[in-house]
K.L.:
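Quick one: the structure is below, questions incoming.
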Protein chains: 2
Amino acid sequence: METPVETTRERLLNVAEQRFGEGGYEGTSLRAITVAAAANIAAVNYHFGSKEALLRAAVARAMAPVNTERRRRLDQLEAGGAPTPEELIRAFIEPGLELVLRRGERGAVVARFIGRIAFDPSRRIRELYAAESDPIESRYLAALQRALPQASPDAVAFGYMNMLGLLALHQSQALSPTPGAAGVANTANPVNTEDPGKLAENLVAFLVAAFDRGLRA
Amino acid sequence: METPVETTRERLLNVAEQRFGEGGYEGTSLRAITVAAAANIAAVNYHFGSKEALLRAAVARAMAPVNTERRRRLDQLEAGGAPTPEELIRAFIEPGLELVLRRGERGAVVARFIGRIAFDPSRRIRELYAAESDPIESRYLAALQRALPQASPDAVAFGYMNMLGLLALHQSQALSPTPGAAGVANTANPVNTEDPGKLAENLVAFLVAAFDRGLRA
DNA sequence: CTCCATTTCAAACGACCGTTTGAACTATGC
DNA sequence: GCATAGTTCAAACGGTCGTTTGAAATGGAG
């Protein structure tokens with residue numbers, strides 16, 4: 001069989017995903033990325049133009065399948081009548097956790113990358129991410145509003161932001177602290193580390209309860 | 001009245017809070033801090049020893065009143081019998097939001113600083129923060145477990161981590177995106193920007209519902 | 001005033017940063 | 001074969017990074 005070897009461009013994107021996800025944008029140097037990708041320093045500016053353009057390309061590539069799947073689910077739900085809050089929450093959470101975690105090692109890397117960038121300390125980086133996930137946001141907000149007519153638009157937006165934030169934190173694995181360090185419940189490891197599906201179920205249940213009964217009028 | 005002028009050490013801590021909260025640890029240089037604090041570059045290493053030690057000192061100073069208030073509330077609740085989940089959640093959230101937001105401009109700066117550092121991209125920084133908020137963590141977990149006997153320890157820990165994460169995100173104002181940019185609900189600004197008390201109420205209600213009915217057995 | 005510990009200062013250290021350059025290499029079409 | 005477009009390369013660019021140095025300023029105690 002012929003092995004379609006990864007191009008330099010692809011290797012740069014893969015390593016960028018991993019390193020940016022581990023150390024953040026500011027905390028990761030182009031030299032660290034290019035060395036790990038077995039590429040020359042100048043390759044970044046040749047293929048992408050700048051460090052930030054590399055990040056933008058990596059975000060776009062990582063988010064594309066998630067956005068596609070979310071759109072597909074939303075289309076499907078709305079075609080079938082009035083979706084419940086749980087269906088909508090599931091359609092948002094699961095593509096973020098499963099589609100990306102359910103692929104062995106690389107999936108976890110992509111998830112951590114997305115989760116970290118979404119709440120990077122730099123406003124510039126956060127907006128860069130927001131622009132990528134923006135298109136479907138208003139659709140979800142409108143659908144949630146219809147599914148929760150008793151909640152005010154502000155309350156729905158509040159719930160949506162909480163959902164978005166919690167998803168990002170779980171994606172980035174920031175809520176599953178290091179085993180050896182001083183963290184939460186180091187006596188018993190949380191449920192979710194082995195099975196991303198179980199984490200998705202737990203998170204959906206948590207959010208459904210909060211949306212159904214935790215939004216102030 | 002005599003004006004006890006701020007010492008260089010205090011000015012450095014104040015500016016560090018602000019800049020680290022805005023740009024993150026890696027994204028903020030000591031030169032930017034010392035210039036804004038009208039101090040010499042060498043002052044950081046003289047008063048603290050290193051950049052990381054400056055951060056550690058800032059975290060400790062910022063967290064001290066929050067930890068004290070949380071301990072006080074927990075003592076009071078446990079002295080009065082078996083606290084409800086809502087009382088426990090309130091005792092955790094409110095010190096984080098009010099005690100720190102309800103102080104004009106500087107309170108918001110401190111809140112953003114804490115919220116950002118708690119989920120900094122660098123694991124090293126996150127652990128530095130975790131060590132500071134660790135002491136009361138096990139007390140809260142145990143109290144929550146007693147208040148929610150039907151939930152498994154894993155589920156309680158899961159809920160606690162979600163609470164901690166959501167609090168940090170709201171503290172850092174990462175969930176109240178920039179007004180002009182492409183973000184959630186730029187048609188109507190969320191409720192919470194003007195009144196931190198209202199945000200606390202919304203967040204507590206959200207979490208109480210999630211804890212009461214959203215934790216899987 | 002002298003002494004001494006504390007604090008501030010300008011200047012420099014080596015290291016690393018993102019980016020650019022221009023030549024060398026590679027592969028494909030003619 | 002040669003020409004050509006695409007890609008990779010070592011090397012260097014000017015800047016900024018955290019940290020260190022040693023001297024100058026400061027200010028209370030004797």
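Everything numeric in this text was worked out from a predicted model, so none of it was measured. Proteins come first, then strands; the chains are lettered A, B, ... in the order of their sequence lines, and each starts at number 1.
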K.L.:
Earliest and latest nucleotide of DNA chain D, 5' to 3', sitting under 4.0 Å from a non-hydrogen atom of chain B?
P.N.:
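Contacts span D:dC17 to D:dT21, reading 5' to 3'.
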K.L.:
Please name all residues satisfying ring pair (Phe, Tyr, Trp, His ring centres under 6.0 Å) with A:Y140, sequence neighbours left out, ordered by chain then number.
P.N.:
A:F92
K.L.:
What pairs meet the ring-ring contact (aromatic ring centres under 6.0 Å, His included) rule with one or both residues in residues 22-48 of chain A, with sequence neighbours excluded?
P.N.:
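Those involving residues 22-48 of chain A are A:F20-A:Y25.
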K.L.:
Write down the distance between CG (B:L30) and C1' (C:dC9), rounded to a whole number of angstrom.
P.N.:
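After rounding, the gap between these two atoms is 16 Å.
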K.L.:
Which residues pass the side-chain hydrogen bond (donor to acceptor under 3.5 Å, both in side chains) test with B:N162, sequence neighbours left out?
P.N.:
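Here the qualifying residues are A:H170.
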K.L.:
Once ring pair (Phe, Tyr, Trp, His ring centres under 6.0 Å) is applied, do any residues pair with B:F211, and if so which ones, sequence neighbours excluded?
P.N.:
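Counting only residues at least two positions away or on another chain, B:F211 forms no ring pair (Phe, Tyr, Trp, His ring centres under 6.0 Å).
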K.L.:
Please name the pair of heavy atoms, one in B:T28 and one in B:K51, separated by the smallest distance, quoted to 0.1 Å.
P.N.:
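Closest approach of B:T28 to B:K51: O-NZ, 2.8 Å.
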K.L.:
Using side-chain contact (heavy atoms from CB on, under 4.5 Å) as the criterion, list what pairs up with A:R72, not counting sequence neighbours.
P.N.:
A:E69, A:Q76
K.L.:
Quick one, which residues of residues 34-59 of chain B touch DNA chain D with a heavy atom under 4.0 Å?
P.N.:
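Residues of residues 34-59 of chain B under 4.0 Å from DNA chain D: B:I41, B:A42, B:N45, B:S50, B:K51.
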K.L.:
Output side-chain donor-acceptor pairs under 3.5 Å for residues 36-43 of chain A, partner residues at least two apart or in another chain, one line each.
P.N.:
{"unit_1": "A:N40", "atom_1": "OD1", "unit_2": "A:A42", "atom_2": "N", "d": "2.9"}

K.L.:
Does B:R31 have any salt bridge (charged side-chain N to carboxylate O under 4.0 Å, His left out) partners at least two apart in sequence or in another chain, and if so, which?
P.N.:
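Applying salt bridge (charged side-chain N to carboxylate O under 4.0 Å, His left out) to B:R31 gives none.
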